[in-house]
Each structure stands twice: as structure tokens, then as C-alpha cells.
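Keep in mind that what you see is a predicted model, and the values were worked out from it rather than measured. Just so we're on the same page: letters track the sequence lines, and every chain starts at 1. FYI, side chains are in, hydrogens and waters are out, and symmetry mates aren't considered; it's all heavy atoms of this structure.
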Protein chains: 2
Amino acid sequence: MTNVQELQRIVGGDWVTTKREQIESYLMDEVYVAVRPQPSNDVVVVKPANTEEISKIMKLANREKIPVYPRGGGTGLLGGAVPTQDGIVLSLERLDRVEEVDKDNLMVVVQAGVTLGDLLKAVEDEDLLFPPHPGDEGAQVGGMVACNAGGTRAVKYGVVRNYVKGLEVVLPTGEILNMGGKLLKNNTGLDLMHLLIDSEGILGIITKVIFRLYPRFAGIATLVVSWDDRHAAIRTVPKILQSGVIPLAMEYVERDVIEISAEHLGLKWPAAKGKAHLIVIVSGSSEDDVYSQCQQISDVCQEHGAVDTLIAERKEEQAEILKMRSEIYTPLKSRMADGLDITVPPANVGKVFDAIEEIAKRFGVTVHTFGHAADGNLHPSIMMDAVEKGVFKEVKKEIYRAAADLGGVVSGEHGVGKARLGEFDLYVDAKSKELMRGMKRLFDPNNILNPGTAIM
Amino acid sequence: MTNVQELQRIVGGDWVTTKREQIESYLMDEVYVAVRPQPSNDVVVVKPANTEEISKIMKLANREKIPVYPRGGGTGLLGGAVPTQDGIVLSLERLDRVEEVDKDNLMVVVQAGVTLGDLLKAVEDEDLLFPPHPGDEGAQVGGMVACNAGGTRAVKYGVVRNYVKGLEVVLPTGEILNMGGKLLKNNTGLDLMHLLIDSEGILGIITKVIFRLYPRFAGIATLVVSWDDRHAAIRTVPKILQSGVIPLAMEYVERDVIEISAEHLGLKWPAAKGKAHLIVIVSGSSEDDVYSQCQQISDVCQEHGAVDTLIAERKEEQAEILKMRSEIYTPLKSRMADGLDITVPPANVGKVFDAIEEIAKRFGVTVHTFGHAADGNLHPSIMMDAVEKGVFKEVKKEIYRAAADLGGVVSGEHGVGKARLGEFDLYVDAKSKELMRGMKRLFDPNNILNPGTAIM
């Protein structure tokens, strides 16, 4: 690449790399095996120190029409960060400063390369709370916003979008835009900020984020409720919500899958009875409030056929339960072909479970399903036997069709990345695609920012 | 207009009107006197029955390049619904059906012409809750989404945007698009739905909305807390939030203004002491929970200099307090030149109040200010004496400058409409405007939908 010297002039010689062994880890993200895109062979990794350097890099790239792949923590599941064309990988890792935890405004200002783990720590140190927890704590906040991350704790206050109040963005043409601010209300024209959220790095590079925070909850408890029957468990989810309690999280797991995770971690799944479980996390304004919510949930569950309810109040016990849920992928991953991310209206979760079970049985393949029950967001994991039998694509297509027939979409929280090209084309209508592509041209006339994503 | 016959063929003869006396009420909205746009003289009012008819109207208008002004309840404050060019006023009033209150999914499906009042009633009849309350209950839901309405109850769960889960939209070119659904998570490409929210009728006509609902709260209480000093009152707002209680609403009012409203309504402002008041609305999962939150707020307020706290638990008493706050405009309106809508970081509310007071004093004019304290969203009402003295524009400009200097914006919840042309141009940067205008061209190549808004 002829522009290496110019890149070195912008960021300094130490922060431009073309050596294969040093760039290896920048060529792939956590994308599933069977849908892994092919990274390019001629990539420069650039590590700018600040927004101004990023602006200069984009001006250079735009002038020379060089593809640029912004990279955060690399924890995406769909190859969104994989450089599929020769060009620049622009890593945000040096923009790693928590600029301010603003207690009076209940906001935090963070550079894009701050990890979720560091964000949580900075906020907790000030006795405040960033409620969502979208999985891997190595994720960087820029990526979390670019992908509108979801995760388990979206029931009460929603996904990452709901917390974003301000963004600093470098456009593909190099301009630096400030959107929003420490503002809880803002109706000043078309909302560019909300367009950038979930734009998966094709409209601009997010360099700074202002998130809304909440006070730390006085109490948090975790319930594990058990049923013998899947449908009884899932049917109870809206009953809990209707009863007036809105938990932080309601996760559905089945014994066979969660016990694999527990064993892998050297832990024990605490529920002795039942084979279908809800993990419910409750937060409240006082310990009494949390206790009475737990009681109410327990009552509703028993009315609806629960065979056992277990309330974990100790921090370590709650952390263990969450860990078993959070790492449910880990022991499966080496045998996983693809992890889907369908979302249906919450009341259709039971039906889509049945449909998936029927599809798996019909094709004689293994699909492990678990997910965010109250959000209607499920992750059917298609295992490698489907690939080995040559039916992987068909199985996936049928699961998608079942979700679509039940009013659902192919992505709830993972996005489309570079691995969902076919799905995006099939399940998004032609006019919407035309508008999305028109917006991409408007922001990025030379198509240099993250080219190759499914949206394009 | 030559196309009246074709419009009659689409919607039926009874639903097309050109008679001046019948269209009079479709020419203006609630826009403030001093910034009122001039309505056009040659307008046809069309009242389609459904989405398909709207699609046909838009195809005709697009072909013939006729301006179309979508109209909801006409409760907007900035002339967004005023037809400033000759063309069609497209009223959504016949799309007035609540299609479904879906208890299992906690969602409601409503046509765009359903009023806020009818929405609230339908939802309450099913023992559920639509938390936000953006003022006038005659507002229609299509307009509420097109303007991303805010209002008092945005502290806990946010503005209308946060509740929108699905939209049906007719594009200026006539295509019907469905965005989202009964879905709590959806990351399938660029988010057109969030772009349509707050697009003020320039990108498409919203014909149907799916809102997320919440369970009805077990208890609601309203506190009126009094201070002798404005700053002490305002400084307490973040202290309440930091203590771990998140109320539904926190409104700041001063005695002189709220007593005008009380007198006008034949009511009595219940606080005997103090001149600076917070109205705090608290909701909880049980009556005990509500009570303990009230106690906590009361304690925090007393620690921070409150001279009196009054807790209203009876429904009628709470309704009266809200009514005095909600109708605070009414007795002022005939003497009001303009009602601003600045939003600053919440911790700067006290500073912006002082700045406004200083500006009013310096120009020798009256500005009444009140607003959503916890949201940082204030409504300085510039009275007619500023117009009579010939300093209205200068006063407004200085207030805007003060807000901008404190990290604020010129619109928190009212939008830009047709009355904020100058402000929009001054306070939105050139590149953002270029992108917004590019998106407008993409959606509406012939610029026929709501031409004349400040965004364009």
C-alpha cells in the first residue's frame, strides 16, 4: 500500500502496522464458523490517538478511495469488523478514556475505545449504574452503539439505543459531527444520532459517546423458576409483566443446555426440579421493594404451574447463575455452525420454539435454543451436524421462515454484519433497501467505509 | 385545483372539501402568535379512509407535483401542520381506530388518527398503561410520533420515541412501508423507523403505530415540594435521582405563574409556603413501594432546604395539581408572543433560569419560565410586551445563546415546524443540514411532502 507513509505522518510511525503477525488478530471477529467472511490479504492496521487523526485518515482514504474498516473490541458475531477488501483497519483501541462521570447530570462521557468492562467499573466507582449488559465485557462502546447492542438487561429500560444521548462521529468524508449532548430531550431536525445507532460502521466512525446513567439500585435479586413444561414457562412471562413487575431481565433456558454450561464452568445449576427455567433479575428502590417483587413473581409463577422457585440474594450466588447463562455459548461454540438471532413478538416465543424443534427433528440435526424470553429475542444455535449433513442453509431458512410467519425478524440484537447478506436481501423489502443504500451514498459517496456489509 | 375530481374518485365525493368555511380550521395549528406562518389561499382538504387511499393520493400528488400537508390533531406549537403553499391538506382524522390492545405482548396497535385521549382510554380499559403524557389529549398518535412528543412523564421511561415499536408509513412517492413490529429488539439494517420518528411529516405519512405498553402501576402519588429559593429547588433534582428513586415526572414551577393558572381554573395551589416548587410524580410496584419512595424524596428535599412537602394520594387531588401544571399556558396564551423549548443538561437548569431572568430584566420585558426540571427542558414564554417594545427577536436570540452556551439546544420536544426557520439555520451545523436535506431528497424527490418546514 502506497499510503503507509502518509498514514505514518498522521498517527506516528509506531501506530501503523503491515506485519502479518501483528495484524492477524485484526482480521477476524467472533463470527460463527459456517458464515465466516474471507479477510483480505493486504491490510494496514492504523491506531489513531484521537478524533482529529481519524478525521485526517478519512480524508486521505476518501481522496484515495481506500476502504476503511473501523474496529472496536472485535466481539461482534457477524463479521462486521472483518476487512473483506484491501485497505485500512482503523482500530479505536487508543481512544480508551472515560472522560467524565457526571453525577449531577447522570451521564458518562466515554471515548469509543473504552470497553464495556471499563465503563461499568468507572460508573460503579461513582455509585451509579449503566443498566444494559450486552454480553462480552471486552466489547468497546463505539461498537456497542454502532451495533445497538442488546443483551439480557433490556426488559425494563431497553437496549443500548435508549441510553445514547450524544455522539461524536467522523464521517467517511472526514467531517467531525457532534450529535445530541447531555440532553434528555432533543428534537432539532431529523435525528442523525438515531440513524448512526445500529448503522454498523457504514455511515460514520463513532469516536465518543454520552450515555445516560441510572442510580445504583438499592437491591437486586435473581430468581430461578422451574417448570416441567416449556409452554407453561413461556406463557408465564407476560403474566409476570401484567402483574405490574418489570424485571431487568427474563431469560429462558432449558435444563439440557444450561447444565452443559454449568459443567463446563465447574458449577452446579441450582434448580433441582423441572426442565424449563426462567432466570428473572429484579431491581428495586429498596430491599423491601425487591423482596415484595420477588414474592409477587413467585406467586404468579406458582399460579401458572411452576414446580420450584429459588431466590438468590447473595451477590456471588447471583453472579454464578448469570455466568452460567452468559457463557452458555462457550462449550457449544466449537461445534456451532451459526447462532441465529431471531426476534418475534414476545407472546410467540413458545410457538417459535416448537417450530424450531420440529424443524430440527425433521432434518435430524441439533439446534440448541435459548434467549431473552421477555424480549422475544431467541438464539437458535445450529450445530455442525447440520453442515456435515449438507442441510445447514435449509435449516436456517426454515427457522427464519417460521420467525417471519410469526411476525418476527432475522436480527434482534446481532445485526447483519457481513455474514447475513442472503438473509438481509431476502427479508428486507426492496424499497427499504433502496432507501438505506441511498443514505449510504449520501454519507459515503465513494463507498469506502466498511464496504461489504450485508446492508450494501 | 384541477385534481379535485381525481381526489374525489380516490376517497369519495364527501371527503374532499374546497369550501373556505369548511377548510378554515385546517389552516392553522397552535403555533404562537409572533411566529405564525401564513397559510396558503388555495387548499383542498382530503380525508382518506385508509392507508391505500393515502398511497393513491401520494402517487397522484407526486406525479402532479402537488404539495401535501399531513394533518393530525393540529395541536403542534410551531406551525408544522400549516399549509404554506397551495395544495392538499391530508387529514388523518378518519384513521381513528384502536386496532388491538394486545395484553400478551403488552403492545397497542393504533391508526394514526387516534387521539391521545382515546389511546389512553383504550389502554386503561384493559388495565394497562401508556406512560407518556405529552400535553393536549386531542393530539393524534401519528403527529405524536412524527414530532417525537415529550411532555411531563419522560423522566423514568423517556419520550414517545422509546415506546414506538412499529410503524406503517406511506412514502411521498406512494409506497407503503412497514417498519418494526410487535418487537422489542430489531437490528435489521439502518433503522428507518427511528429516522421517521421526529421527521415532522417531511419523509412520510405515518398511518399506523405500534406502541409498547406497561402494566398499570399499583400506585401513583404526587408530591408538591416547596423552597424559598429557586436554586435550592433545582439543585435537589439530581439529588433525588442519585438517591435511587426515578419518578415518572419532576416539574419545576414558580408560585407567581402557577397561581395564575390556579386562579384561571378556579382552583387553589395547595402549597402554602415557598415560592419555588417541584411537582414530583412517583409510581411503584405496590402502595408500600410508592409510600417509601415518597418518604425518601421528602427526606432528600428536607436535607436540601425544602420548607414544605405535601403528598397527594387521592386521585382527584393529584388530577387537580396536574391540571394546574398542564394548563399553565392557557391564561398566558393570549399575551404570549412565543413559547420557547430550550433543553440544557439537567444540572444547568438553574443557570439557564438565571440567564433568562437577567435577559428579561435587561430588556425590561416579561418572560415566564417553567418546565420539565429533570429533563432539562424549559419553556420560557416571551410575552407580548417584548414584541411591543420591538425587542422580541433579540430577547429570543439571547435566550437561545444562553442555552447553547450551557450545552443546550433550541428544541427539546416541540420540534422546528415552520416557525423555527431562523433558529434551525443558526443552531444546526452546515454538514448536518446537508445530510438532512439529502435524506429529504431521497425520500421525496419532488419535495411535495410538507414543504416549507424549517428543516428544508
Chain A heavy atoms under 4.5 Å from A454(B): which part of the residue, side chain, backbone, both or neither?
neither
Non-hydrogen atoms of chain B under 4.5 Å away: do they reach the side chain of D375(A), the backbone, both or neither?
both
Find the one option among V245(A), V344(A), D102(A) whose heavy-atom pairs under 4.5 Å with chain B are most numerous.
V344(A)
Measure distances from I202(B) to the heavy atoms of chain A and classify the residue's part below 4.5 Å as side chain, backbone, both or neither.
side chain
Interatomic distance, CG@L442(A) vs CG@L442(B), rounded to 0.5 Å, equals 7.0 Å
Tell me, side chain or backbone of L435(A) under 4.5 Å from chain B's heavy atoms, or both, or neither?
both
Between N187(B) (side chain) and N148(A) (backbone), is there a donor-acceptor pair under 3.5 Å?
yes
Heavy-atom pairs under 4.5 Å with chain A, option from K440(B), E423(B), K156(B) with the top count:
K156(B)
Answer with side chain, backbone, both or neither: which region of K239(A) has an atom nearer than 4.5 Å to a non-hydrogen atom of chain B?
side chain
Look at V428(A), T453(A), I246(A), V416(A) and state which one has the largest set of heavy-atom pairs under 4.5 Å with chain B.
I246(A)
If I measure from the heavy atoms of chain A, does L241(B) come under 4.5 Å with its side chain, its backbone, both, or neither?
both
Please determine whether the number of non-hydrogen atoms from other residues, nucleotides or ligands lying under 6.0 Å from atom CD of E287(A) exceeds 12.
no
Measure distances from R420(A) to the heavy atoms of chain B and classify the residue's part below 4.5 Å as side chain, backbone, both or neither.
neither
For Y214(B), is it the side chain, the backbone, both or neither that has a heavy atom under 4.5 Å from a heavy atom of chain A?
side chain
If I measure from the heavy atoms of chain B, does Q293(A) come under 4.5 Å with its side chain, its backbone, both, or neither?
side chain
What pairs of residues pass the ring pair (Phe, Tyr, Trp, His ring centres under 6.0 Å) test when at least one of them lies in residues 164-201 of chain A, not counting sequence neighbours?
H194(A)-H194(B)
Between the CG atom in L190(A) and the CD atom in E200(B), the distance rounded to the nearest 0.5 Å is 8.5 Å
Go through the atoms of E413(B) and report whether side chain, backbone, both or neither lie under 4.5 Å from a heavy atom of chain A.
both
Hey, could you give me the CG/OG distance between D289(B) and S286(A), rounded to the nearest 0.5 Å?
6.5 Å
In terms of heavy-atom pairs under 4.5 Å, which option from S432(B), G284(B), S292(B) contacts chain A the most?
S432(B)
Gap between atom CD of E434(B) and atom CZ of F443(A) - 0.5 Å precision:
10.0 Å
Tell me whether K433(A) at atom NZ has more than 12 heavy atoms from other residues, nucleotides or ligands lying less than 6.0 Å away.
yes
Applying the side chain to side chain contact (heavy atoms under 4.5 Å, CB included) test to P345(B), which of L183(A), D104(A), L106(A) qualifies?
L183(A)
Proximal component of E175(B), with respect to chain A [non-hydrogen, under 4.5 Å]:
side chain
Name the region of Q296(B), side chain, backbone, both or neither, that has any atom closer than 4.5 Å to a heavy atom of chain A.
side chain
Chain A heavy atoms under 4.5 Å from R212(B): which part of the residue, side chain, backbone, both or neither?
side chain
Tell me, yes or no, whether the heavy-atom count around K103(B) atom NZ, taken from other residues, nucleotides or ligands under 6.0 Å, exceeds 12.
yes
Stepwise, does the side chain to side chain contact (heavy atoms under 4.5 Å, CB included) test hold for M439(A) with L195(B)?
CA-CA 11 Å; M439(A) 286 190 271; L195(B) 184 63; 3.6 Å; yes
Out of M107(A), H372(A), R235(A), which one racks up the most heavy-atom pairs below 4.5 Å with chain B?
H372(A)
Would you find a donor on one side and an acceptor on the other, under 3.5 Å apart, between the side chain of S411(A) and the backbone of T188(B)?
no
Main-chain N/O of A347(B) paired with N105(A) side-chain donor or acceptor, under 3.5 Å:
yes
Applying a criterion of heavy atom separation less than 4.5 Å, what residues of residues 164-174 of chain B form contacts with chain A?
L171(B), T173(B)
Heavy-atom distances under 4.5 Å only: say whether D198(B) touches chain A with side chain, backbone, both or neither.
both
Would you check if the side chain of D191(B) reaches a backbone N or O of I197(A) as a donor-acceptor pair within less than 3.5 Å?
no
Main chain of G151(B), side chain of K185(A): is a donor-acceptor contact present, judged purely on distance under 3.5 Å?
yes
Which atoms of F217(B) come close to chain A, meaning under 4.5 Å heavy atom to heavy atom: side chain ones, backbone ones, both, or neither?
neither
Per-residue contact mode, I455(B) against chain A (heavy atom under 4.5 angstrom):
side chain
Check whether L203(A) gets within reach of chain B through its side chain, its backbone, both or neither, counting any heavy atom under 4.5 Å.
side chain
Considering only heavy atoms and a distance below 4.5 Å, find which of L177(A), D429(A), V159(A) pairs most often with chain B.
L177(A)
Comparing H414(B), M179(B), M436(B) against chain A, the one with the most heavy-atom pairs below 4.5 Å turns out to be M436(B)
Tell me which of these, G158(A), P238(A), G180(A), G189(A), has more heavy-atom pairs under 4.5 Å with chain B than the rest.
G189(A)
